[in-house]
Amino acid sequence: MRRRRNARRLNSGFRWPAFATLYAFLLNAEPSGCSPEALSERYLDRKLNAAAEQRAEAMIAVLGVLKPQVYESGLERVYEEIDLPLAPVLARMETTGIRVDTQTLAAQGLVLSAQIEALAAKVYEAAGKPFNINSPQQLGKVLFEELGLPSPVKAGKGKAVSTAADVLEALAAAYPVAQLVLDYRQLTKLKGTYVDALPGLVNPKTGRVHTTFNQTGAATGRLSSSNPNLQNIPIRTEAGRLIRAAFVPEPGWNLVVADYSQIELRLLADMSGDPVLTDAFLRHEDIHTRTAAEVFHVSPLMVTPEMRRGAKAVNFGIVYGQTPFGLAQQLGIDRKEAELYIRRYFERYAGVRVFIDRTIEEVRRTGFASTLAGRRRPIPDMHSRNPAARSFAERTAINTPLQGTAADLMKLAMIRIDKRLRAERMQSRLLLQVHDELVLEAPPEETAVLSEMVKAEMEGVCVLKVPMVASSGVGANWRDAK
DNA sequence: CCTTATGACCGC
DNA sequence: AAACGCGGTCATAAGG
């Protein structure tokens, strides 16, 4: 169900994905299957009409079906200790909102407009005529038919030739127009999605932007954020970071940010019990450097930036269920080389290999991937006769316990932090959650103690075989709070 | 006119 | 057979 919220109305304390939805999501973490409409059809075998009282009545009936299942599955503690108490925390965060400096955005908009115009003019010059650069269809024609750039290998099958970033990046060195298009796309994305859109979402009563956090929006148990999505504010490029600088605290206050370090790889160490990975985290080593040293058989001191980059891609890839093809594409190396990296990784981290095999076997047997807390996501395609679908299911089976457990731990930390803020009568407030990061605002006299408290609560959220590590920072805006 | 699909790109 | 997990938003293009 998608309901556009009125951007001018403050989010109310009542959260629509209410009790039946939370129960359904615990048992079956499928975002599309947890709407009142889907629940009514599945558990009551009847369609839902628009009448509010009928919807409520139906959800009460669904509750009667699901509650015993939650108890039988041993999930009542997850419900009572995580999902239910999180709901009011999220409601408070939405109601509080975050302040956005629209003056800064307006100034950036003018600069961006000029840069975009200049880039477009150069693209038209290269093309010999103006056209709509935003239309992949028109752009593909211009680049690959009229200008005769070499089509990517995967072209064919009737569809339009892809003008995706990886394709254009491969052409950029030889054909400057490709780089121009990439730059044009980056800047128009920033302007359209953030610089132009955000000021319109500022609530005039509060002067702040109020997102909606969806508690049942991601199949792994992560939160999602919409209208606006404040979980994808740019950070990776300099132009993008200017937008992050427009997120500011209450005047005279500070922004406090805290983020987990390598939480998914730490969970991998804990779940697999791999001795080398565990050792690296117990010694507080740089995990990518350690992996490079293991994979390339050199001392950590001899690891070059290039080797570390490769090891970092392998570490990320493991969490995503990587293939040699994907790693090769990511690093710009050939598949044989990528296969070698992966083989060496599993030679050194043999416990991770065992964990992956054991996890796939268990998910195949039970049909569900589970988090440490017990949240279950159905993975039906483990037995599919379609090899692509089956491979996809197996990658999901590996990733879900890691990503989902990280989400559970962050939720628990948020509940505890919110509880302490209120118990200790602090003025500081939680504002945003970005999966492994929290953003808060604090008056000057509370800033230092809040920063330490948040870091401590995040690190102490549970005791695993390896330490949980979080870092916190303070700043006058989101970009500079590090 | 509104809705939906697609391709692209932003984040973790 | 596709090729690395999870999301949301924007612009275009096509359908009802």
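Side chains are part of it too, since the values below use all heavy atoms of this structure and drop only hydrogens, waters and symmetry mates. Proteins come first, then strands; the chains are lettered A, B, ... in the order of their sequence lines, and each starts at number 1. Because the structure is a prediction, the values reported are computed rather than measured.
Here A:N134 reaches the OP1 or OP2 of C:dT12: one of its side-chain N or O atoms lies under 4.0 Å away. An OP1 or OP2 oxygen of B:dA8 is reached within less than 4.0 angstrom by a side-chain nitrogen or oxygen of A:T163. Distances shorter than 4.0 Å separate none of the side-chain N or O atoms of A:T193 from OP1 or OP2 on B:dC10. Contact check, A:R377 against C:dC6: a side-chain N or O comes under 4.0 Å of OP1 or OP2. Contact annotation: A:R395 reaches the phosphate of C:dG5 (side-chain N/O to OP1 or OP2, under 4.0 Å). Contact check, A:T188 against B:dC9: no side-chain N or O comes under 4.0 Å of OP1 or OP2.
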Open item on the list: Test side chain to side chain donor-acceptor pair (under 3.5 Å) on A:D381 and A:S384; report intermediate values, then the result.
Closed with: CA-CA 5 Å; A:D381 282 352; A:S384 172; 5.1 Å; no
- [ ] Let me see the working for A:L171 and A:F144 under side chain to side chain contact (heavy atoms under 4.5 Å, CB included), right down to the final yes or no.
- [x] CA-CA 11 Å; A:L171 296 169; A:F144 300 113; 3.9 Å; yes
Between the protein and nucleotides 13-16 of chain C, which nitrogen or oxygen pairs are less than 3.5 angstrom apart?
unit_1, atom_1, unit_2, atom_2, d
C:dA13, OP1, A:S135, OG, 2.6
C:dA13, OP1, A:Q138, NE2, 3.4

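Set against B:dC12, B:dC10, C:dA3, the side chain of A:L190 has B:dC10 as its closest nucleotide.
Applying the salt bridge (charged side-chain N to carboxylate O under 4.0 Å, His left out) rule to A:K312 yields no partners; only residues at least two apart in sequence or on another chain are considered. The side chain to side chain donor-acceptor pair (under 3.5 Å) check on A:Q433 picks up A:Q231, with sequence neighbours excluded. Contacts of A:E125 classified as side chain to side chain donor-acceptor pair (under 3.5 Å), with partners at least two apart in sequence or in another chain: none. Residues satisfying the side chain to side chain contact (heavy atoms under 4.5 Å, CB included) test with A:A107, not counting sequence neighbours, are none. Applying the side chain to side chain contact (heavy atoms under 4.5 Å, CB included) test to A:V276 and every residue at least two apart in sequence or in another chain returns A:D274, A:R290, A:E294, A:Y349.
One end of the helix from B:dC1-C:dG16 to B:dC12-C:dG5 points its axis 10° away from the other end's axis, with each axis taken from 5 pairs and the angle rounded to 10°.
Sorted by first then second residue, the side chain to side chain donor-acceptor pair (under 3.5 Å) pairs that include residues 138-147 of chain A, not counting sequence neighbours, are A:K129-A:E146. Counting only residues at least two apart or in different chains, salt bridge (Lys or Arg N to Asp or Glu O under 4.0 Å) contacts with residues 385-402 of chain A comprise A:R364-A:E394. Contacts classified as salt bridge (Lys or Arg N to Asp or Glu O under 4.0 Å) and involving residues 215-232 of chain A (residues at least two apart or in different chains) are given here: A:R222-A:E264.
A:R236 contributes no side-chain N or O that forms a donor-acceptor pair with the base of B:dC10 under 3.5 Å.
Classification of the A:Y341-A:F296 ring pair by plane angle, with boundaries at 30° and 60°, yields perpendicular.
The residue A:R222 sits close to a base: some heavy atom pair falls under 4.0 Å.
A distance-only check finds a donor-acceptor pair linking the side chain of A:T371 to the backbone of A:R375 [under 3.5 Å].
Side-chain contact between A:H284 and A:P467 is present, with at least one heavy-atom pair separated by less than 4.5 Å.
Within residues 400-417 of chain A, no residue has any heavy atom closer than 4.0 Å to DNA chain B. Of the residues in residues 431-441 of chain A, those placing a heavy atom less than 4.0 Å from an atom of DNA chain B are A:V434, A:H435, A:D436, in numerical order.
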